[in-house]
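In listed order, ligands and their atoms are each counted from 1.
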Amino acid sequence: MRFGINTLDDLDVKDKTVLCRIDINQPVDQKTGTLKDTTRIEACIPTLKELTGKGAKLVLLAHQGSDIEYKNFYTTEPHATVLSKLLGKEVRFIDDVCGPAARAAVRALKGGEILLLDNVRFVAEEQTLFETKLLLSHEEQAKTLLVRKLAPLADLYVCDAFAAAHRDQPSLCGFEQILPSAMGRLFEEEFCVISGIMEKPERPCVFVLGGAKINDAFLMMNTVLSGGIADRVLTGGLVGEVLLWADDKDIGEGARSFIKKEGYEGLVGTAKALLAAYRDRVLMPEDFAAVREGRRAEYPLGAIPAGALVLDIGTGTAARYQAEIRRAKTVFVNGPMGVFEEEATEQGTRMVWDALGDTAAYTVIGGGDSITATKKYGKTKDIDYICTGGGALIRFLTGEELPVVKALRHGSKISPRR
Ligand code: ADP
Ligand code: MG
């Protein structure tokens, strides 16, 4: 038991039917029916090996894409092929989620065997539309078709889908109302790493917040500053720009119109409130870079020319941030310092990531683009923890209780049938 949730150490799975929800949602090439990336599938292998090694009859539940990104909404059949290869044993697939064919396949399983069911989001109640338009309580989720049909065939429920822990859906929150539950090893690692930072970070604890998701960044700032978790917040990207705007600094007409166009002007007020309360712990850029005639041009704050659109922090700011990162004992990063995808505006991000690579601090990175930057700068091995669950991680750091965490705590109190 960790943080109120059972781990795999707390369950006896031998010859038990275990429903295991994993997050193996990956970009698919629908023309060839293959996956373009398998990172998430690789990440859940330790849990699956442990469960089958201990003799579980393992039933895997997973989603692929959704109605809002229809080009990725697809069967989980290709995932079974990848899983089989990675596990070195057959993972059976059935093109049914909880109908008679799926249930017969579940009943036929023997200890140590694995079955992957089809995309759980093919079932209407699991759909994202359902989640946004009609929010079901966890008790109600236990009455949905998926849970009603599958729970009676199972002894235990394991969730290893931390990347989906912010989703309030039957395959994630319904089974814990009925079955004794636990988190898998990947979930345990991701959840305990970030819970550890939030409860007792080694100090100085530095948060580096950049990128374009300003609202999320401000919510995170508020949580970690008001809770006394962050000793320093280093800001970059659009997050830094909006803070400076709120501080009546001139970030240039280009940046202001961009922020207005993206609909973030309303966040200037939020930024003012953050600065009023926590100014002493928030660091903002003191210089910037823009592109002039195809090249990088740097300007100190207060001297940004009218026509320039700033797209990166300047090297002076980046050097100051490097020193903070090298002095820290814990560093959490979400969001790049600028448009690091372009050569002229990548230097701020590159310099900050260099410091992340060589600091002695415990380093944690989350967010799709931040992970891309980590790979681009060859720092993957140097970062202590790279969190696969971007959305869930951010939701957690904004201080919300994750629905799946709540459900797992409930399911951890149910005793197994003898
Ligand atoms: P993550 O995916 O790591 O959570 P975000 O999605 O919030 O990060 O932000 C990454 C995106 O923000 C990148 O596409 C990057 O080009 C863009 N970006 C960063 N800084 C700026 C800036 N100053 N102006 C415009 N876009 C920016
Ligand atoms: Mg992103």
Return the residue, atom name and 0.1 Å-rounded distance of the protein heavy atom closest to [atom].
atom	value
atom 13 (C) of ligand 1	E341 OE2, 3.3 Å
atom 27 (C) of ligand 1	V339 CG2, 3.6 Å
atom 6 (O) of ligand 1	D369 OD2, 3.0 Å
atom 3 (O) of ligand 1	S370 OG, 2.5 Å
atom 23 (N) of ligand 1	E241 OE2, 2.8 Å

Any salt bridge between [X] and [Y], counting N to O under 4.0 Å?
X	Y	answer
D155	K57	no
R256	D250	yes
R327	E324	yes
K71	D29	no

At less than 4.0 angstrom from any non-hydrogen atom of [X], what atoms of ligand 1 do you find?
X	value
K213	1 (P), 2 (O), 4 (O), 5 (P), 6 (O), 7 (O), 8 (O)
G335	3 (O), 8 (O)
P336	8 (O), 9 (O), 10 (C)

Worksheet item: Considering only heavy atoms from C-beta outward, does the side chain of D384 approach that of I365 to under 4.5 Å?
Response: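 No, side chains not in contact.
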
Does the ring centre of [Y] sit less than 6.0 Å away from the ring centre of [X]?
X	Y	value
F207	F332	yes
Y385	Y362	no
F73	F122	yes

Practice prompt. Could you tell me whether I394 approaches ligand 1 through its side chain, its backbone, both or neither, with non-hydrogen atoms closer than 4.0 Å?
Written response: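 Under 4.0 Å from ligand 1, I394 contributes no heavy atoms.
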
Discussion item. Geometry only, no angles: is A212 polar-contacting ligand 1 at N/O separations under 3.5 Å?
Written reply: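 The answer is yes, given that A212 and ligand 1 share an N or O pair closer than 3.5 Å.
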
Item to complete: Write the atom name of the N, O or S atom in D369 that is nearest the Mg ion (ligand 2).
Response: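 Atom name returned: OD2.
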
